[in-house]
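None of these values were measured; they are calculated from a predicted model. All residue numbers in this chain count up from 1 along the given sequence.
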Amino acid sequence: MFTGLMKMSARAALVAGLLASWAALAPNAATAADSVPLLAQTATPALPAAGVGAGNGGAVILPPGSSSEAQAEAAGLPATPAAAAPAAAAPAAAAPVRMAVLLPNRSGAFGAAADAVRTGLLTAYSRQKDNIQLSIIETGDSAADMQRAYDEASARFDILIGPLSRSAVTAVAQSGRVSKPTIALAQPDMAGEGEMQLPAQMLAVGLSIDEEARQVANWVEKEKAPGKIFAISTGVAWQKRAARSFQLRARQLGMQVETLELSTPSSALSGPGLAQLAKRVEQEKPALLFLALDASQAVQLRSAVGTELPLYGTSQINPFTLKRDNPNDKLPELDGVRLIDIPWQLQADNVAVARYPRPTINDNERPNPDLARLYALGIDAYRIAYGIAQQRSGFDVDGVTGRLNVNMVSGGATYFQRQETQAIYQDGWPVPTADQY
């Protein structure tokens, strides 16, 4: 099982880069384990068999570089505002709400990630598309390409979903040209330890490892025994950020946290480093450990420090999806370890989760939890956009990525919050805990 986990460690780090405010999706990302090329090599999930066509109430897909006129024509829109003037007649039905989804093209570096999000969006759209006209606009990979596409689309559509990469979201947020409701699919770059102030019409709904770490700190504050906490990471960027986010939030809650960084020769945790950690645990007796690690690293650490010390982690210590065809595909070594993840990965009986099909994969493929999370993100991004299309300024969504609270007041500040699901490993699999804080 450990060998299999080591093979999965690169995949487990994929969404970590995405969750770490989607740093791995930035074209200039320099990390290794969470790099975009590895994500792009992952098999593309097949679209569900849902009817999607052009015209009123349908979806169209436009290639990169399409002109504004081509976008309008494909979406069934008039070429110019003047052509939209209705003839004097009896009152007509309300005009459809025009949504544009801005995603990198399938042949680019972000192809697999974009395809997973696209599939989720179209799946949700096929189930809830009353008076919605959806167009998917493919762009180049760079932030500049996305900015150009965004500017053109914002002139012709009512609601925009995207961009997908962190760098592109940052560019759009700082452009001063956000004039339509925009559902960004990633978190923007943050300066230092603060958060970027988003434009009034923009929501950033991307999955975030930083936010997961803060939610774990909130959870720990409810359950921990007195004493110091060690936050453990390696030198990988997303792990360091998660450990730091946990530390900052825990300190705000009055807890004492020390961050410790382990080296990773040959993609595994350092044996001497683990021995030194085990010695410190024995001597200092911390209340618990927060693991900003992936699943294989968590197994290594658990074997070094034993099973008595409480361990908490993020979604990255869950390498599974709800599709569990192999009964031997378990991690009993992590039984008792607590983590946080999205309902799509944990709660088969959740009403929202049960409503949507799993993306199709080949028989010989292992379900990829990284792409599963992106698929789920696509579903919830559309559901948020749909709520905004109904002119609901504030609303809650029982989402497949968590319990969502959305507020977008015209001309006022926006607000978005996601509460993920708390879980604990039992019999080798993570299952939701009885109490959810």
Side-chain angles (χ1 to χ4, degrees), residues 9-26 28-36 38-39 165-167 170 186-196 206-218 220 228-253 255-270 272-274 276-277 280-281 286 288-302 304-305 311-319 337 339-341 370 373:
S9 63
R11 280 190 172 185
L14 297 177
V15 89
L18 298 174
L19 290 169
S21 296
W22 300 77
L25 285 177
N28 59 351
T31 56
D34 53 353
S35 62
V36 167
L38 187 56
L39 178 58
S165 75
R166 185 183 178 193
S167 60
T170 304
Q187 304 297 323
D189 284 308
M190 294 181 292
E193 295 173 357
E195 294 187 10
M196 176 184 291
L207 300 171
S208 167
I209 204 77
D210 305 69
E211 180 57 29
E212 284 190 353
R214 288 188 283 268
Q215 289 186 26
V216 173
N218 294 338
V220 163
K228 178 189 292 187
I229 297 172
F230 290 160
I232 312 297
S233 74
T234 72
V236 175
W238 72 262
Q239 296 188 358
K240 293 173 69 174
R241 292 188 61 169
R244 182 62 175 158
S245 295
F246 174 87
Q247 181 187 50
L248 290 173
R249 179 56 183 157
R251 286 180 174 177
Q252 289 175 348
L253 296 171
M255 294 180 276
Q256 182 183 4
V257 180
E258 180 179 352
T259 58
L260 301 175
E261 186 175 311
L262 299 175
S263 60
T264 54
S266 304
S267 301
L269 297 180
S270 163
L274 286 172
Q276 185 178 10
L277 174 63
R280 286 199 61 180
V281 167
L288 59 91
L289 302 185
F290 170 71
L291 309 184
L293 304 172
D294 65 27
S296 63
Q297 293 166 342
V299 169
Q300 283 185 275
L301 185 142
R302 190 82 182 288
V305 302
L311 304 181
Y312 289 75
T314 69
S315 61
Q316 289 308 288
I317 61 172
N318 177 19
V337 175
L339 67 146
I340 197 164
D341 204 347
D370 306 329
R373 293 184 181 98

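- In the displayed structure, Q276 atom CD is contacted under 6.0 Å by at most 12 heavy atoms of other residues, nucleotides or ligands.
- The CG atom of L269 sits 5.5 Å away from atom CG of L262, with the distance rounded to the nearest 0.5 Å.
- Nearest heavy atoms, Q239 versus T234: OE1-OG1, 2.6 Å.
- G235 and E261 get closest at one heavy-atom pair: CA-OE2, 3.4 Å.
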**R373/D341 under side-chain contact (heavy atoms from CB on, under 4.5 Å): CA gap, chis, key distance, verdict** = CA-CA 9 Å; R373 293 184 181 98; D341 204 347; 2.9 Å; yes

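- A298 and I317 make their closest contact through CB-CG2, 3.9 Å (heavy atoms, listed as atom of the first residue, atom of the second, distance).
- Within 6.0 Å of atom CD in Q256, 12 or fewer heavy atoms from other residues, nucleotides or ligands are found, so the atom counts as exposed in its surroundings.
- Taking both residues in full, the closest heavy atoms of F246 and A231 are given as CD2-CB, 4.2 Å, listed atom of the first, atom of the second, then distance.
- Two residues are said to be in side-chain contact when any heavy atoms from C-beta on lie closer than 4.5 Å; F230 and L277 meet this criterion.
- Atom OG1 in T259 sits 9.5 Å away from atom CG in L248 (nearest 0.5 Å).
- Side-chain contact between V220 and F290 is absent, with no heavy-atom pair separated by less than 4.5 Å.
- Of the inter-residue distances, the one linking D210 atom CG with R244 atom CZ reads 12.0 Å to the nearest 0.5 angstrom.
- Side-chain atoms of E212 come within 3.5 Å of backbone atoms of S315 as a donor-acceptor pair (strictly under, hydrogens ignored).
- Of all the heavy atoms in L274 and L301, the pair that sits closest is CD2-CA, 4.0 Å.
- Side-chain atoms of Q187 do not come within 3.5 Å of backbone N or O of S208 as any donor-acceptor pair.
- For the atom pair CD1 (I209) and CD1 (I340), the distance works out to 10.0 Å, reported to the nearest 0.5 Å.
- Going from atom CG of L260 over to atom CD1 of I232 covers 4.0 Å, rounded to the nearest 0.5 Å.
- Taking CZ from R280 and NZ from K228, the interatomic distance works out to 5.5 Å, rounded to the nearest 0.5 Å.
- Contact detail for A217 and R249: the closest heavy-atom pair is CB-CG, 3.7 Å.
- Using a 4.5 Å cut-off on side-chain heavy atoms (C-beta onward), Q297 and T264 make contact.
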